[in-house]
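Residue numbers start from 1 in every chain, and the chains themselves are labelled A, B, ... in the order their sequence lines are given, proteins ahead of strands. Fair warning: this is a prediction, and the values are worked out from it, not measured in the lab.
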2 protein chains.
Amino acid sequence: MQHSRNSMARRKTESTTQILSTLKAASSAMSHQMIQEELDIEVDRATIYRVLNRFCEDGMVHRVIGENGKQYFALCEGCEKENHSHNHFHFRCKNCGKVECLSREIEIKLPAGYVAQNFNGLISGVCAQCA
Amino acid sequence: MQHSRNSMARRKTESTTQILSTLKAASSAMSHQMIQEELDIEVDRATIYRVLNRFCEDGMVHRVIGENGKQYFALCEGCEKENHSHNHFHFRCKNCGKVECLSREIEIKLPAGYVAQNFNGLISGVCAQCA
DNA sequence: CTTATTATTGCAACACAGTCGCAATAGTAT
DNA sequence: ATACTATTGCGACTGTGTTGCAATAATAAG
Ligand SMILES: [Mn+2]
Ligand SMILES: [Mn+2]
Ligand SMILES: [Zn+2]
Ligand SMILES: [Zn+2]
């Protein structure tokens with residue numbers, strides 16, 4: 001089977017399937033570390049990052065930057081393959097560390113001539129469970 | 001003169017005044033590195049961070065987290081000393097690196113029981129000058 | 001099934017951001 | 001001038017995320 005001219009398709013490995021199902025099982029966005037702790041098998045840190053970056057490239061996962069500067073990854077739910085925008089906020093609880101998607105899509109008007117490529121909205125505080 | 005019971009007032013030093021005026025001169029948010037490069041005198045990295053953190057504590061400056069996970073600092077303009085909220089977006093140009101405040105204040109509704117402590121909104125892309 | 005191709009992995013090394021302890025320095029009040 | 005202590009520089013440290021390289025393993029082809 002042919003794929004894009006210069007590259008083969010993604011390969012299905014133990015690491016990729018486990019990371020993917022971990023993200024599916026979680027209802028929230030996870031850091032590389034949270035993922036690593038959930039995995040049944042041992043997977044190298046670098047590999048986890050590479051897998052996640054691939055997932056993002058392929059549009060299966062979106063990346064969130066916390067107010068702590070760290071990356072969190074969440075499965076894409078209702079994503080158009082075409083118009084792949086994740087303009088929604090996330091909430092990170094400073095107590096339990098959970099990072100949730102807030103679902104409502106936001107629209108931000110930019111000054112004339114500005115081109116948006118990436119959206120990152122995050123509110124941190126204390127979640128209902130921890131309050 | 002008395003200040004809060006356990007701590008002396010802030011002291012005016014060459015570092016603090018220079019960093020402050022650098023932020024005033026800049027129309028945009030700056031990283032610790034951008035600041036360091038602008039300074040006339042040499043100031044240690046750790047000191048710059050400490051000064052900036054103090055400015056944030058005192059509510060003179062607000063902190064922005066880029067989609068690159070890095071911190072940027074901008075002077076507070078029209079800030080109430082009481083209700084000190086910076087619920088506006090920022091735009092970071094991936095080409096020239098400039099980080100601008102988008103001024104319009106945003107309101108985000110959180111699920112019941114959630115308490116917001118911090119807002120970070122950032123859109124990255126290409127600015128009008130670089131487009 | 002066997003073989004060839006090459007995507008994926010583990011490991012080590014790296015770059016960088018941001019923090020912190022400690023001793024030296026320098027504002028500020030008296 | 002002196003005492004007090006906030007601030008600084010330095011070095012060391014933690015943690016995140018990336019990358020080069022050689023070994024491994026998924027997949028297609030025969
Ligand atoms: Mn999300
Ligand atoms: Mn701002
Ligand atoms: Zn919580
Ligand atoms: Zn630009």
Q. Rounded to the nearest Å, what distance is computed from the NZ atom of residue Lys70(B) to the C1' atom of nucleotide dG18(C)?
A. 12 Å
(Q) Using whole Å, what does the distance between atom P of nucleotide dA26(D) and atom CD of Gln18(A) come to? (A) 13 Å
Q) Base, sugar-phosphate, or nothing for Ser15(A), non-hydrogen atoms under 4.0 angstrom? A) sugar-phosphate
**Q.** ILVMFWY cluster, Val115(B) and Phe89(A) together (side-chain gap under 4.5 Å)
**A.** no
Q. Can you say whether the rings of His88(B) and His86(B) are parallel (under 30°), tilted (30 to 60°) or perpendicular (over 60°)?
A. perpendicular
Q: Measure from the side chain of Thr13(A), starting at C-beta and using heavy atoms only, and say which of dG11(D), dT8(C), dT7(D) lies closest.
A: dT8(C)
(Q) Between dT5(D) and Arg11(B), counting only base atoms on the nucleotide and side-chain atoms on the residue, is there a donor-acceptor pair under 3.5 Å? (A) yes
**Q.** Whole-Å gap separating C1' (dT8(D)) and CG (Asn53(B))
**A.** 15 Å
Q.
Do Ile48(A) and Met34(A) land in one hydrophobic cluster if side-chain heavy atoms of ILVMFWY residues count as linked below 4.5 Å?
A. yes
Q.
Determine whether a donor-acceptor pair (N or O, by modelled atom type, separation under 3.5 Å) exists between the side chain of Asn120(A) and the backbone of Ile65(A).
A. yes
Q) In whole angstrom, what separates Leu52(A)'s CG from dT8(C)'s P? A) 14 Å
(Q) Is it the case that the base of dG9(D) and the side chain of Arg50(B) share a donor-acceptor contact (distance under 3.5 Å, atom types as modelled)? (A) yes
Q) Rounded to the Å, how far apart are Glu14(A) CD and dA7(C) C1'? A) 17 Å
Q: Would you mind reading off the distance between Leu39(A) atom CG and dT9(C) atom C1', rounded to a whole angstrom?
A: 14 Å
Q: Would you indicate, yes or no, if dT7(D) has its OP1 or OP2 atom less than 4.0 angstrom from a side-chain nitrogen or oxygen of Arg54(B)?
A: yes
Q | Phe91(A) and Tyr114(B) aromatic centres sub-6.0 Å | A | yes
**Q.** For atom OH of Tyr49(B) and atom C1' of dC20(C), their distance in whole Å
**A.** 14 Å
(Q) Both Lys12(B) and Asp44(B) contact DNA chain C. Which one's nearest nucleotide lies toward the 5' end? (A) Asp44(B)
(Q) Tell me if the side-chain of Arg45(B) makes a donor-acceptor pair with the base of dG18(C), cut-off 3.5 Å, by modelled atom types. (A) yes
Q: Provide, to the nearest angstrom, the distance between the CG atom belonging to Leu20(B) and the P atom belonging to dT7(D).
A: 14 Å
